[in-house]
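Structure first, commentary second.
Both counts, for ligands and for their atoms, begin at 1 and track the order of listing.
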Amino acid sequence: MLQVRNLSKDYDALSALDNLSFQVDDGQFLCILGPTGCGKTTLLRMIAGLITPSAGEIILDGQKVRSPGPDRGFVFQEYALFPWRTVQQNVEFGLEVRGLAPAERQRTARAYIALVGLTGFEHYLPKQLSGGMKQRIAVARVLANDPRIVLMDEPFAALDCQTRNVMQEELLKVWDAQQRKTILFVTHNVEEAVFLADSILVLSHRPGRLVESIPVDLPRPRDRLSPELHRLRGRILDLLAGQVSKTELLGETCTTI
Ligand SMILES: Nc1ncnc2c1ncn2[C@@H]1O[C@H](COP(=O)(O)OP(=O)(O)OP(=O)(O)O)[C@@H](O)[C@H]1O
Ligand SMILES: [Mg+2]
């Protein structure tokens, strides 16, 4: 469904991403894991069509990506809600842009607000919500547009580890309820990647290059404490040994909810 071919990006003299190739199947949950500054956000922004590659190409459903489009939804690293709009108005935003009638917009937005568990908060402003609630609304806003692919850039990085664990589980529930949309989820947390992904692309230190593509054939729902997840985490950390400090990639360990 999505093919990334020999993709590179230079910012003047700085090489951010170097000759990256991979593909994503329809309905796959792909995690992209790599140290800070290795070009993960740059990669997502190129797939979103927000910036142009220096070399290589991105093909989505057989078409070369040249500009942004409603087929790609983006959940940003920082919360990107409109502060002056209520929860309901934030989720309706893309539907308004697409010209849906008000009644249809309201119905759709309410359904997605319910999907992320925030019924009752429709009239709140973002400043009245917690970090986790804001990120849920950001997810609802993207899903309400029914994109072909959801690009998520460390959406839970700003959350404390317990909220992060809850959000990971809720995202998987929403993903199931949504007939498993294709997701590209960027993180620099190994635990998050092994818990969420069907497949993990491990990137090197800057400039980001593919270290290895690792399929995660573990049944869902996954147990964070299982020996299989633990082994996989160890294998990925070994792969990255020498690239970055283990502390950065492990983040906070949080096993209770
Ligand atoms: N607009 C820009 N102009 C110049 N350099 C940039 C620009 N955007 C990113 N860079 C540089 O490119 C490199 C990759 O940045 P990018 O934001 O893609 O990394 P990242 O993997 O998302 O990091 P993090 O995990 O910290 O979010 C960094 O060295 C950064 O300084
Ligand atoms: Mg980033």
**Asked** Is Thr36 close enough to the Mg ion (ligand 2) to have an N, O or S atom under 2.8 Å?
**Response**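 Checking Thr36: none of its N, O or S atoms is under 2.8 Å.
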**Request:** Specify whether Phe185 and Phe29 have parallel, tilted or perpendicular ring planes, treating 30° as the upper limit for parallel and 60° as the lower limit for perpendicular.
**Result:**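 Aromatic pair Phe185/Phe29 classed tilted.
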**Request:** Anything under 30° is parallel, anything over 60° is perpendicular, the rest tilted; go ahead and classify Phe82 against Trp84.
**Result:**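 Geometry flag for Trp84 against Phe82: tilted rings.
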**For ligand 1, the portion of Leu14 having any non-hydrogen atom under 4.0 Å away** =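 Side chain only.
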**Asked** With a cut-off of 6.0 Å (strictly less than), are more than 12 heavy atoms of other residues, nucleotides or ligands near CZ of Phe22?
**Response**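 For Phe22, atom CZ is crowded (more than 12 foreign heavy atoms under 6.0 Å).
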**Item:** Test: Glu191 and Arg164 ion pair at under 4.0 Å
**Value:**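 Result for this pair is no, no salt bridge flagged.
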**Item:** Arg148 and Asp26 ion-paired at < 4.0 Å
**Value:**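 Answer for the salt bridge query: yes.
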**Message:** Test your reading of the structure: does Ala16 have an N or O sitting under 3.5 Å from an N or O of ligand 1?
**Reply:**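 No; every N/O pair is 3.5 Å or more apart.
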**Asked** Within the structure, does Gly37 bring an N/O atom to less than 3.5 angstrom of an N/O atom in ligand 1?
**Response**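 Yes; the residue has a nitrogen or oxygen that sits under 3.5 Å from a nitrogen or oxygen of the ligand.
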**Prompt:** For residues Asn90 and Arg141, is any side-chain donor paired with an opposing acceptor at under 3.5 Å?
**Reply:**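 On atom types as modelled, these side chains qualify, holding a pair under 3.5 Å.
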For [X], take its heavy atoms, then give the atoms of ligand 1 lying under 4.0 Å from any of them.
X      : result
Gln77  : 27 (O)
Thr41  : 17 (O), 18 (O), 20 (P), 22 (O), 27 (O)
His188 : 25 (O)

**Message:** Looking at ligand 1, is there an atom of it that comes within less than 4.0 Å of some heavy atom belonging to Glu154?
**Reply:**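 A heavy atom of Glu154 does come that close to ligand 1.
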